[in-house]
Amino acid sequence: MIEILNPAEIAKARVTGRLVADILQTLKQRTAVGTNLLEIDQWTARMIQDAGAESCYVDYAPSFGRGPFGHYICTGVNDAVLHGLPYDYDLQDGDLLSLDLAVSKAGIAADSAISFIVGDTKPAESLELINATERALAAGIAAAGPGARIGDISHAIGTALIDSGYEVNTEFGGHGIGSTMHQDPHVPNTGRAGRGYTLRPGLMLALEPWVMADTARLAFDADGWTLRSATGARSAHSEHTIVITDDGADILTLPSSS
């Protein structure tokens, strides 16, 4: 289903998007060496509840996971790039942590992901992984607007990732979002410009470039959810929810302080 939101629904989406972004920034500020992944999950659950919102993850049971997910946020450490199931792990200095969060409030969902280094040690290769996904995300957003096509976004994201020296996996990518978390259209992280669905005002998309340092191959973790790089290499993930407007694309998942 491809859903086009009306102005009242877009207004709700702006509230949800800001909530998601604010939670992620709060988690980033609280997270330190020694923080446990289950502690991050508990903080997330409390903030969602306090905001009168609902988790999009806790009861989520898609065909590709051993569901339901049972937690409130995805926590990917180092080689875990997608759908990271929180577990009993204390973060170490220099760990690369990706947090992916989707929340619904007043019937409208928003989805965002950030990656950052925990502690004082900042490996250059890990910082470049993060920066590459952020550049690709910015390129994808810049390519979005009324009359553009999904392929234009995919091409922009893929070009940025490849120019940064990374291989691109197309098994998982961005997606439509609105009254539910995952909708059509699928937005691959590489593609051909000028192809695919034509973007219209009111369309919401979650764009999410992710890369692994030396491979495009994924491996399933024994937990049935977490996807890791097949080589054990580090990975990074960045994501924003945007809405197509008459003038271009607005980013909905920016924190209140932006």
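Note that the numbering runs from 1 along the sequence shown for the chain. The structure presented is a predicted model; accordingly, all values stated were derived computationally and were not measured. Hydrogens, waters and symmetry mates are skipped; everything else that's a heavy atom, side chains included, is used.
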- Query: Does F172 belong to the same Ile/Leu/Val/Met/Phe/Trp/Tyr cluster as I150, with side-chain heavy atoms less than 4.5 Å apart forming each link?
  - Reply: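 Different hydrophobic clusters.
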- Message: Quick check: is V81 connected to Y166 through a chain of hydrophobic side chains (ILVMFWY, heavy atoms under 4.5 Å apart)?
- Response: no
- Report the distance from atom CD1 of I23 to atom CD of Q25, rounding to the nearest 0.5 Å.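 I23 CD1 to Q25 CD: 11.5 Å, rounded to 0.5 Å.
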- Message: So, taking the atom named CD in E39 and the one named CG in L91, what distance separates them when rounded to the nearest 0.5 Å?
- Response: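 Going from CD on E39 over to CG on L91, the span is 9.5 Å.
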- Report the C-alpha separation of N189 and T170 in whole Å, then their side-chain angles, then the decisive distance to 0.1 Å, and conclude whether the side chain to side chain contact (heavy atoms under 4.5 Å, CB included) test is met. CA-CA 6 Å; N189 281 329; T170 57; 5.8 Å; no
Donor-acceptor pair, side chain of [X] and main chain of [Y], under 3.5 angstrom:
X: K122; Y: G94; value: no
X: E128; Y: E125; value: no
X: D41; Y: H71; value: no

Testing the 3.5 Å rule here: is there a donor-acceptor pair between the side chains of [X] and [Y]?
X: S256; Y: D22; value: yes
X: S179; Y: E3; value: yes
X: D214; Y: T231; value: yes
X: H83; Y: T226; value: no
X: D93; Y: T121; value: yes
X: T26; Y: Q29; value: no
X: E208; Y: H237; value: yes

Report, one line per pair, each donor and acceptor closer than 3.5 Å where one atom sits in a side chain of residues 96-109; sequence neighbours left out.
from : atom 1 : to   : atom 2 : distance (Å)
S98  : OG     : S115 : OG     : 2.6
D100 : OD1    : Y57  : OH     : 3.1
K105 : NZ     : A51  : O      : 2.6

- Find out whether the Lys NZ or Arg CZ of R30 is both under 6.0 angstrom from the six-membered ring centre of W43 and within 45° of the ring's axis.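 So R30 does make the cation-pi contact.
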- Task: Report the C-alpha separation of H175 and D111 in whole Å, then their side-chain angles, then the decisive distance to 0.1 Å, and conclude whether the side-chain hydrogen bond (donor to acceptor under 3.5 Å, both in side chains) test is met.
- Result: CA-CA 10 Å; H175 51 88; D111 193 357; 3.2 Å; yes
- Message: Can you pull out every side chain to side chain donor-acceptor pair (under 3.5 Å) where at least one residue sits in residues 139-154? Sequence neighbours excluded, please.
- Response: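 Listed once each, the pairs are R149-T198.
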- Item | Test: R135 and D163 ion pair at under 4.0 Å |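 The answer is no: the pair does not qualify as a salt bridge.
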- side-chain hydrogen bond (donor to acceptor under 3.5 Å, both in side chains) partner of T253, chosen from E239, H240, R18: H240
